[in-house]
2 protein chains.
Amino acid sequence: MVKKSCLFLDTIQNKIDTKLRISVPGSFRAVLEEMNTELILYASFKQPCLEGLTGDMLEVLAQGIYEQYDMFSEEENDLTSLIFAESRVFPLDSTGRLTLPPKLMEHAELSDTALFVGKGKTFQIWNPEIFAEEQQKIREKMKTRPLTFRLKKEVNE
Amino acid sequence: MVKKSCLFLDTIQNKIDTKLRISVPGSFRAVLEEMNTELILYASFKQPCLEGLTGDMLEVLAQGIYEQYDMFSEEENDLTSLIFAESRVFPLDSTGRLTLPPKLMEHAELSDTALFVGKGKTFQIWNPEIFAEEQQKIREKMKTRPLTFRLKKEVNE
DNA sequence: TCTCATCCCATGATATCCCATAAGAAGAAA
DNA sequence: TTTCTTCTTATGGGATATCATGGGATGAGA
């Protein structure tokens with residue numbers, strides 16, 4: 001039996017119905033089930049899209065904030081206001097759909113279709129047209145400023 | 001069975017009725033029930049809002065204060081005065097509401113609506129208009145001085 | 001007896017669940 | 001390679017349960 005990857009991969013476009021429901025791609029649901037965790041969404045504070053996370057990820061985030069910042073510090077307050085106040089658990093129905101709140105629909109400028117974009121340990125939800133433009137911009141940027149990146153850890157271990 | 005996150009998430013606006021009652025959001029109540037703990041409120045000593053905690057969290061807070069400050073220090077005295085002397089357990093009625101004392105209503109400048117703001121292991125209760133301004137300030141701050149934050153722990157392990 | 005706080009029930013709105021159907025992908029047989 | 005079958009995944013609509021909120025009843029303390 002091959003070990004399943006716990007990464008969100010690929011780009012999948014699904015429809016948003018009149019009740020603002022959308023199917024989470026099967027491969028994404030498989031990751032959530034494999035990790036036995038909940039699905040979290042929040043409005044990205046950098047881009048017009050939604051950020052998708054696992055519940056585990058959010059717990060680690062919470063723990064990290066308390067370890068790195070003072071309980072009553074301004075930084076702690078700002079971070080928790082931006083992350084936890086904006087995110088929510090999204091339960092899936094029996095066919096694997098979630099319901100998008102109007103607030104998030106607006107933020108990501110969604111109407112009748114949405115794009116699930118795998119980002120490894122997280123994913124994003126985009127308006128397909130906007131994503132295509134953004135993706136193009138990133139490609140252009142790479143031509144002039146190539147990113148460097150080095151794997152620190154051995155791969156096959 | 002998926003593990004439930006024990007974090008206060010999302011921002012939910014509810015009404016305060018003529019008896020000064022307000023429904024605690026269902027998702028917040030779920031956290032309290034899951035942790036099998038009481039709901040504590042006190043007037044924030046930094047902002048015009050109310051701080052909400054679980055009984056468990058208050059215990060952790062107490063422990064932290066005694067570990068970080070000398071028993072008879074000024075800081076220890078100030079913090080305990082500000083937190084424990086002001087805190088109270090708020091019982092919920094059968095439909096999940098609590099009754100706000102006039103003193104807390106004043107402190108948070110509340111009238112007929114209030115916003116429950118998830119902050120992870122705690123939450124806050126705000127006048128919606130005041131919170132919107134505060135949140136905007138935080139967003140502005142992030143543009144000029146983006147907070148960096150690095151996950152130290154592996155997420156999927 | 002009066003006042004205040006808590007408790008209990010009724011209602012309406014909303015979100016969640018469940019079933020039915022359609023579409024697509026993978027696999028088997030020709 | 002082509003066609004047919006089967007299974008999984010996606011989408012639509014109706015039924016149901018849950019939650020927020022308002023009003024009245026009950027009981028304790030002043």
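Remember, predicted model here, so these are calculated numbers, not experimental data. Chain naming here is simple, since letters A, B, ... match the order of the sequence lines and numbering starts at 1 in each.
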K.L.:
Quick one, which residues of residues 95-104 of chain A touch DNA chain C with a heavy atom under 4.0 Å?
P.N.:
A/T95, A/R97
K.L.:
Let me check something: do A/F116 and A/F131 share a hydrophobic cluster, defined by ILVMFWY side-chain heavy atoms less than 4.5 Å apart, either directly or through other members?
P.N.:
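A/F116 and A/F131: separate clusters.
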K.L.:
Is the shortest side-chain heavy-atom distance between A/L41 and A/F123 below 4.5 Å?
P.N.:
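Yes, close enough: below the 4.5 Å cut-off.
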K.L.:
Report yes or no: do B/L61 and A/I65 belong to one cluster of Ile/Leu/Val/Met/Phe/Trp/Tyr joined by side chain heavy-atom distances under 4.5 Å?
P.N.:
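No, no single cluster joins them.
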K.L.:
Kindly say whether B/T54 contributes a backbone atom to a donor-acceptor pair with the side chain of B/T37 at under 3.5 angstrom?
P.N.:
no
K.L.:
When you measure from every atom of DNA chain D, which of residues 18-29 of chain A have a heavy atom less than 4.0 Å away?
P.N.:
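Heavy-atom cutoff 4.0 Å gives A/K19, A/R21, A/S23, A/V24, A/P25, A/G26, A/R29.
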K.L.:
Does any part of the side chain of A/V89, heavy atoms only, come nearer than 4.5 Å to the side chain of B/S27, both counted from C-beta?
P.N.:
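The answer is no, as the side chains (C-beta and beyond) never meet within the 4.5 Å cut-off.
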K.L.:
List in chain and number order the residues that pass ring-ring contact (aromatic ring centres under 6.0 Å, His included) with B/Y42, two or more places apart in sequence or in another chain; answer none if no residue qualifies.
P.N.:
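None.
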K.L.:
Looking at every non-hydrogen atom in both residues, tell me the closest pair between A/A114 and A/I16 and how far apart they are.
P.N.:
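Of all heavy-atom pairs spanning A/A114 and A/I16, the closest is CB-CD1, 4.0 Å.
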K.L.:
Mind checking what makes side chain to side chain donor-acceptor pair (under 3.5 Å) contact with B/Q136, not counting sequence neighbours?
P.N.:
B/E140
K.L.:
So which of residues 32-42 of chain B are in contact with DNA chain D, with a heavy-atom cut-off of under 4.0 Å?
P.N.:
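Heavy-atom cutoff 4.0 Å gives no residues at all.
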K.L.:
Pairs under 3.5 angstrom, nitrogen or oxygen only, protein versus nucleotides 28-30 of chain D, please.
P.N.:
none

K.L.:
Do you reckon A/W126 sits in the same ILVMFWY cluster as A/M105, going by side-chain contacts under 4.5 Å, direct or chained?
P.N.:
no
K.L.:
Please examine the side chains of A/F8 and A/K119, heavy atoms only from C-beta on, and report whether any two atoms are closer than 4.5 Å.
P.N.:
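A side-chain contact under 4.5 Å is absent here.
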K.L.:
Separation of B/L92 atom CG from D/dA20 atom C1', in whole Å?
P.N.:
14 Å
K.L.:
For A/S87, which of B/L7, B/D10, B/L9 qualifies under side-chain contact (heavy atoms from CB on, under 4.5 Å)?
P.N.:
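Single side-chain contact (heavy atoms from CB on, under 4.5 Å) partner of A/S87 among B/L7, B/D10, B/L9: B/L9.
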K.L.:
Are side-chain heavy atoms of B/L100 and B/L50 found at a separation under 4.5 Å?
P.N.:
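Yes, close enough: below the 4.5 Å cut-off.
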K.L.:
Check side chain to side chain donor-acceptor pair (under 3.5 Å) between A/T95 and all other residues, then give those that pass, not counting sequence neighbours.
P.N.:
A/D93, A/R97
K.L.:
Do B/K137 and B/E134 have side-chain heavy atoms sitting under 4.5 Å apart?
P.N.:
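Yes, close enough: below the 4.5 Å cut-off.
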K.L.:
Check DNA chain D against residues 7-17 of chain B and give the residues with a non-hydrogen atom under 4.0 Å, in numerical order.
P.N.:
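Under 4.0 Å from DNA chain D: B/N14, B/K15, B/D17.
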K.L.:
Answer yes or no: is there a donor N or O on one side and an acceptor on the other, between the side chain of A/N14 and the main chain of A/S23, under 3.5 Å?
P.N.:
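At least one qualifying donor-acceptor pair exists.
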K.L.:
Sequence neighbours excluded, which residues qualify as salt bridge (charged side-chain N to carboxylate O under 4.0 Å, His left out) partners of A/R29?
P.N.:
none
K.L.:
State, with a plain yes or no, whether a side-chain heavy atom of A/K46 is found less than 4.5 Å away from one of A/E51.
P.N.:
no
K.L.:
Any non-hydrogen side-chain atom of B/P101 less than 4.5 Å from a side-chain atom of B/F90?
P.N.:
yes
K.L.:
Identify each donor-acceptor pair in which a side-chain atom of residues 74-84 of chain B lies under 3.5 Å from a protein atom, sequence neighbours left out, and give them as a table.
P.N.:
unit_1: B/T80; atom_1: OG1; unit_2: B/E76; atom_2: O; d: 2.8
unit_1: B/T80; atom_1: OG1; unit_2: B/N77; atom_2: O; d: 3.0
unit_1: B/S81; atom_1: OG; unit_2: B/N77; atom_2: O; d: 2.8

K.L.:
Give the residues of residues 105-130 of chain B touching DNA chain C, defined as any heavy atom closer than 4.0 Å, sorted by residue number.
P.N.:
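Those residues: none at all.
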K.L.:
Could you tell me whether the side chain of B/V117 reaches within less than 4.5 Å of the side chain of B/C49, counting heavy atoms only?
P.N.:
no
K.L.:
When the C1' atoms of the five terminal pairs at each end define the local axes, what inter-axis angle does the helix from C/dT1-D/dA30 to C/dA30-D/dT1 show, to 10 degrees?
P.N.:
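Terminal axis comparison yields 30°.
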